[in-house]
Asks: 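Attaching a single structure in C-alpha cells format; questions to follow.
Keep in mind that what you see is a predicted model, and the values were worked out from it rather than measured.
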Amino acid sequence: MSLSRSPALARRLPILLILVVAIGGALLLHDRLSFEGLARHREALLAFRDANHAAAALTFVAAYMAIVLFSLPGALICTLTGGFLFGLFPGVLYNVAAASAGAVLLFLAARAGFGAGVAARMAARGGAVARLQAGLKESEWSVLFLMRLVPVVPFFVANLLPAFLNVPLHRFAISTVLGILPGALVYTSVGTGLGAVLARGEAPDLGIIFTPQVLGPLLGLAALSALPIVLRLARRGR
C-alpha cells in the first residue's frame with residue numbers, strides 16, 4: 001500500500017468500523033433491545049441504579065451514545081429507559097446529552113472518512129445536485145432543525161447527510177441538541193410511567209407524539225424553522 005493511500009485509509013477506518021458494527025448490531029440486536037427485555041431486567045436495573053446512581057447514569061449515557069454512534073436498534077427504548085430510571089429530570093438531560101454526543105461522533109467520523117470529498121465532488125460536478133447543495137447552504141440552520149423536528153427523517157440519516165454536505169460542526173451540534181429536545185421531553189415523560197406499564201405486562205402508548213396537544217407544538221416548531229426558507233423563496237419569486 002502506498003504512503004499516499006495510508007492517510008486516506010486511516011481517515012476512513014472509523015466510519016468503516018462503524019458501518020461493520022452497525023450491520024452486525026442490526027442482525028444480532030434487533031430483538032434484544034425491546035420492551036420485553038426491559039421488562040425482564042427492570043428489577044435489576046432499578047437495583048443497580050439505587051446502589052450506585054452515578055455509575056448507573058454514566059453506564060446509561062455511554063450505552064446510549066454507543067447505540068446512536070453505531071446506529072443500532074433501540075434508541076427509542078433508551079430514551080424511555082432514561083425516564084424510567086432517572087425521572088423526567090435529569091433523565092431528559094441524560095437522554096439529550098447521550099444522543100447528541102453519539103450523533104456528533106458519527107458526524108465527525110463520516111465527515112473525516114467521506115464527507116469533505118463528497119461535498120467537493122458535488123460542488124465540482126455542477127448541475128442540479130450542486131444547485132441543491134448551494135440552496136441548502138443558504139438555509140442551513142432551517143434545514144438542520146427541520147431534519148430533527150420532522151419525524152419522517154431517520155435519526156441516522158440526519159447525522160450522516162450534514163457530514164456529506166460539509167456542514168460546520170457547531171451548527172450540527174447546536175441544531176442537534178435543540179432539535180431533539182422537544183421529542184426527548186415527550187418520550188422521557190412517557191418513560192417516567194414505564195414501571196407501572198411493564199408491571200402490568202403492557203407496552204407504553206408511543207402514539208402519544210401524534211396526539212394534537214403534542215404534535216401541534218412540534219409542527220409549529222417545524223413551521224417556524226421552515227419560515228426562513230419560505231421567505232427566501234417568496235423574495236426570489238417576486
Side-chain angles (χ1 to χ4, degrees), residues 7-30 33 61-79 95-125 127-184 187 218 221-222 225-226 229:
L9 179 60
R11 288 195 305 271
R12 291 177 180 175
L13 192 58
I15 190 62
L16 293 175
L17 176 61
I18 289 172
L19 290 174
V20 170
V21 175
I23 294 171
L27 296 174
L28 298 175
L29 299 176
H30 68 281
L33 297 173
V61 169
Y64 198 163
M65 280 178 56
I67 285 174
V68 174
L69 172 60
F70 296 107
S71 301
L72 300 175
L76 179 56
I77 298 292
C78 278
T79 305
N95 284 333
V96 172
S100 299
V104 166
L105 290 175
L106 178 55
F107 168 85
L108 290 174
R111 189 172 70 173
F114 302 103
V118 171
R121 286 193 294 272
M122 287 171 60
R125 191 172 298 166
V129 176
R131 289 196 298 273
L132 174 62
Q133 184 184 26
L136 291 176
K137 281 288 185 183
E138 292 181 359
S139 307
E140 222 167 43
W141 282 111
S142 296
V143 173
L144 290 171
F145 277 117
L146 280 172
M147 284 196 298
R148 295 305 187 188
L149 290 169
V150 179
V152 296
V153 180
F155 193 68
F156 76 94
V157 173
N159 295 334
L160 293 176
L161 186 59
F164 297 147
L165 295 175
N166 209 25
V167 169
L169 174 60
H170 73 280
R171 292 191 178 188
F172 176 83
I174 292 172
S175 63
T176 297
V177 172
L178 298 181
I180 68 175
L181 183 57
Y187 284 123
L218 290 179
L221 288 172
S225 298
I229 301 175

Asks: Return the CD1 to CZ distance between I180 and F145, rounded to the nearest 0.5 Å.
Replies: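 So the CD1 of I180 and the CZ of F145 are separated by 11.5 Å.
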Asks: Taking only residues two or more places apart in sequence or in another chain, which ones pass side-chain contact (heavy atoms from CB on, under 4.5 Å) with V20?
Replies: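 side-chain contact (heavy atoms from CB on, under 4.5 Å) list for V20, sorted by chain: empty.
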Asks: Which residues satisfy the side-chain contact (heavy atoms from CB on, under 4.5 Å) test with L108, sequence neighbours excluded?
Replies: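 L108: side-chain contact (heavy atoms from CB on, under 4.5 Å) contacts with V104, R111, L169.
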Asks: Which pairs pass salt bridge (Lys or Arg N to Asp or Glu O under 4.0 Å) with one or both residues in residues 155-167, sequence neighbours excluded?
Replies: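 Residue pairs passing salt bridge (Lys or Arg N to Asp or Glu O under 4.0 Å), neighbours aside: none found.
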Asks: With sequence neighbours excluded, what pairs up with L69 under the side-chain contact (heavy atoms from CB on, under 4.5 Å) test?
Replies: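 With sequence neighbours excluded, L69 shows a side-chain contact (heavy atoms from CB on, under 4.5 Å) to I18, L105, L106, given in chain and number order.
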Asks: State the CG-CG distance between L165 and L160, to the nearest 0.5 angstrom.
Replies: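 CG of L160 is found 11.0 Å from CG of L165.
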Asks: Considering only residues two or more places apart or on different chains, which pairs with a residue in residues 155-175 satisfy salt bridge (Lys or Arg N to Asp or Glu O under 4.0 Å)?
Replies: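 Every salt bridge (Lys or Arg N to Asp or Glu O under 4.0 Å) pair that includes a residue of residues 155-175, provided the two are not neighbours, is E140-R171.
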Asks: Would you please name every residue forming a side chain to side chain donor-acceptor pair (under 3.5 Å) with T79, sequence neighbours left out?
Replies: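 Expected list: Y64.
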Asks: Nearest 0.5 Å, please: how far is CG in L146 from CH2 in W141?
Replies: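 CG of L146 is found 13.5 Å from CH2 of W141.
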Asks: Taking all non-hydrogen atoms of both residues, which atom of F107 and which atom of V167 are closest, and how far apart?
Replies: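 The answer is CZ-O, 3.1 Å.
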Asks: Has the side chain of S100 got a donor or acceptor atom that lies under 3.5 Å from a matching backbone atom of A97?
Replies: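 No.
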Asks: Can you name the side-chain contact (heavy atoms from CB on, under 4.5 Å) partners of V61, sequence neighbours left out?
Replies: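 In terms of side-chain contact (heavy atoms from CB on, under 4.5 Å), with neighbours along the sequence ignored, V61 is linked to M65, Y94, A98.
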Asks: With side-chain contact (heavy atoms from CB on, under 4.5 Å) as the criterion, how do V68 and N159 come out once you've worked through the C-alpha distance, each side chain's angles and the decisive distance to 0.1 Å?
Replies: CA-CA 9 Å; V68 174; N159 295 334; 4.2 Å; yes
